[in-house]
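A short worksheet on the structure shown next.
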Amino acid sequence: NAGVTQTPKFRVLKTGQSMTLLCAQDMNHEYMYWYRQDPGMGLRLIHYSVGEGTTAKGEVPDGYNVSRLKKQNFLLGLESAAPSQTSVYFCASSPGGTSRREQYFGPGTRLTVT
Amino acid sequence: AQSVTQLDSQVPVFEEAPVELRCNYSSSVSVYLFWYVQYPNQGLQLLLKYLSGSTLVKGINGFEAEFNKSQTSFHLRKPSVHISDTAEYFCAVTPFSGGTASKLTFGTGTRLQVTL
């Protein structure tokens, strides 16, 4: 049981390039989330999903797109990377029902945009 | 909307000393509260949570926290810290209601540095 995994672990992009971050969970969780972590700012929610085929905007969605074509995967896309998107990105998932508010986090992806 | 304040960005402490990490929140609705720990170069791990019931909550690794509704606080404590407790600690809240997804609002984190 791997829990929540993220691919890749590190990435360096040039301004204007695009990329996709992959999050996978093997816990059959309904809900999935993407956060970014910046120094002195804690974690901020980018987008989230309450089920396969559904996504919604979080606190800082601009410049990102997401897709959840399969229940176990949640993809975060950057169409045209900007230096302001240099950050550590965390994916999380949570089950439904009364436990849904406890989130399980992946190890993170460190992205640098030059 | 909710907000979380962790007033101490860094807390240095000697090994075997007690520690308290402070967390205050603001919300117009009732909330669930969490403490997460992040060890260097790792993701976040749940330390403990308050959902309902006893206001004193015990978590992993000897940590505990007390929910104080009147002071809107959820301070984290440990009576005797170990070097291995060196990490970043995040307080987070999510509203009781607000749809099906539990959107967490995080504080800015407190870096606990334990030294010999």
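Quantities reported herein were computed from a predicted structural model and do not represent experimental measurements. Each chain gets a letter, A, B and so on, in the order the sequences are listed, and its residues count up from 1.
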From OG (Ser94(A)) to CE (Met32(A)), nearest 0.5 Å
9.5 Å
Could you give me the CA-CA distance, side-chain angles and deciding distance for His47(A) and Tyr64(A), then say whether ring pair (Phe, Tyr, Trp, His ring centres under 6.0 Å) is met?
CA-CA 8 Å; His47(A) 285 281; Tyr64(A) 305 94; 7.2 Å; no
Whether the Ser73(B) and Asn68(B) side chains hold a donor-acceptor pair (N or O, under 3.5 Å, no angle test) is what I'd like checked.
no
Honestly, the part of Gln37(A) sitting under 4.5 Å from a heavy atom of chain B is side chain
Which bit of Leu45(A) is near chain B, if near means a heavy-atom gap under 4.5 Å: side chain, backbone, both or neither?
side chain
Looking at Glu64(B) and Arg77(B), is any side-chain nitrogen of the basic one under 4.0 Å from a carboxylate oxygen of the acidic one?
no
Measure Leu44(B) against the heavy atoms of chain A and call it side chain, backbone, both or neither at under 4.5 Å.
both
Result for ring pair (Phe, Tyr, Trp, His ring centres under 6.0 Å) between Tyr35(A) and one of Tyr48(A), Phe105(A), Tyr89(A) points to Phe105(A)
In terms of heavy-atom proximity below 4.5 Å to chain B, should Arg110(A) be classed as side chain, backbone, both, or neither?
side chain
Residue part contacting chain A, namely of Gln38(B), when any heavy atom lies under 4.5 Å
side chain
